[in-house]
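Presented below is the structure to which this report refers.
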Amino acid sequence: MIVITGATGSIGRALAGRLRGHDALAVVRRPADDLGIPYAQADFDTPATIGALLSPGDRLFLNSSLWPGVIDAQRAVIDLAARAGVAQIVAVSVRGAAPGARLGMGMHAQIDAHLRKSGVPYTILQPSGFMQNLPRDFGDGTMYGSYGPAPVNYIDARDIADVAAALLTGPVGASSEHVLTGPESLSHEEIAERIGRAVGRPVRYVNLPAPEMAAHLERQGIPRPHSGDLAALMAETGDGSWAPVTTAVEDLTGRPPRGLADYLADHESAFA
Ligand SMILES: NC(=O)c1ccc[n+]([C@@H]2O[C@H](COP(=O)([O-])OP(=O)(O)OC[C@H]3O[C@@H](n4cnc5c(N)ncnc54)[C@H](OP(=O)(O)O)[C@@H]3O)[C@@H](O)[C@H]2O)c1
């Protein structure tokens, strides 16, 4: 059986859709009748509830949003998966995950390290930022950020789901790690311009120095030091380090990743 955690999220929902017709189970916190596959209710905050769903030979998609307890929760689920005899774990990490890195990149590094030592065959997916964030970021027509003029890569979360589906339904191969990107990297001004053209109204990106961005985030209710870390992370990803694209999506699925034009064509209403 293929067990999908985070099944109601932007990757998980698409993955559940790809796995209709397979022996797949969605792990959800609340009833979710619209996923198209059977579901079971469980919670990372009580890892044993997820462990209880796992049997020898299962394949596990390890994915959730981030909260302060996520490192312990995902590590506990990895241990339970090893004990249950799970055949493979495909885990969602993040591009740039590294020990001591900021925010999610540092958290994922700790989970990734635990998975590498688990003894379970694994694939770690390290995606760029998701295009699915753009409607939120440009919601009222203006996105504020500290990315500067450098190109930054975004990936359509549906491509991460396609990669995961290929890995979870094919033979379990050697453990591996992949940086997943979209096909092109654009500056935030270019992204704003393309969204504006697609939705037929002006959309703009306003660049702020990191300290001003941190103050802007605080006014929006994000407390210190998180606000400062988020602004600093934007400046760091805008230094060009998130610009290179990889061939991983095409290597693993046999077709190139979706571009921003594909995403916008399918999600225009999300910007309404
Ligand atoms: N967003 C990005 O741009 C981006 C970029 C690179 C990597 N990533 C990584 O991708 C992963 C997914 O991130 P996301 O923000 O995009 O997630 P998301 O789409 O918001 O989905 C998160 C999923 O996790 C589930 N979840 C959260 N807490 C849970 C818990 N305690 N127990 C069980 N399920 C729980 C949510 O369920 P509910 O519906 O019940 O809340 C939801 O299904 C994260 O590891 C993130 O670091 C994200």
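Both counts, for ligands and for their atoms, begin at 1 and track the order of listing.
Cluster partners of V245, using a side-chain heavy-atom cutoff of under 4.5 Å among ILVMFWY residues and allowing indirect links: none.
Within 4.0 Å of ligand 1, protein heavy atoms come from G6, A7, T8, G9, S10, R29, R30, D43, F44, D45, N63, S64, S65, L66, W67, V92, S93, V94, H108, P127, S128, G129, F130, N133.
With sequence neighbours excluded, the residues satisfying side-chain hydrogen bond (donor to acceptor under 3.5 Å, both in side chains) with E190 are S187. Contacts of R158 classified as salt bridge (Lys or Arg N to Asp or Glu O under 4.0 Å), with partners at least two apart in sequence or in another chain: D156, D266.
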Would you please test Y154 and H188 for ring-ring contact (aromatic ring centres under 6.0 Å, His included) and show each step?
CA-CA 11 Å; Y154 284 90; H188 279 78; 5.6 Å; yes

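The environment of CD in E189 is sparse: at most 12 heavy-atom neighbours from other residues, nucleotides or ligands sit within 6.0 Å.
Looking at Y205, its side chain does come within 3.5 Å of a backbone N or O of G145 through a donor-acceptor pair.
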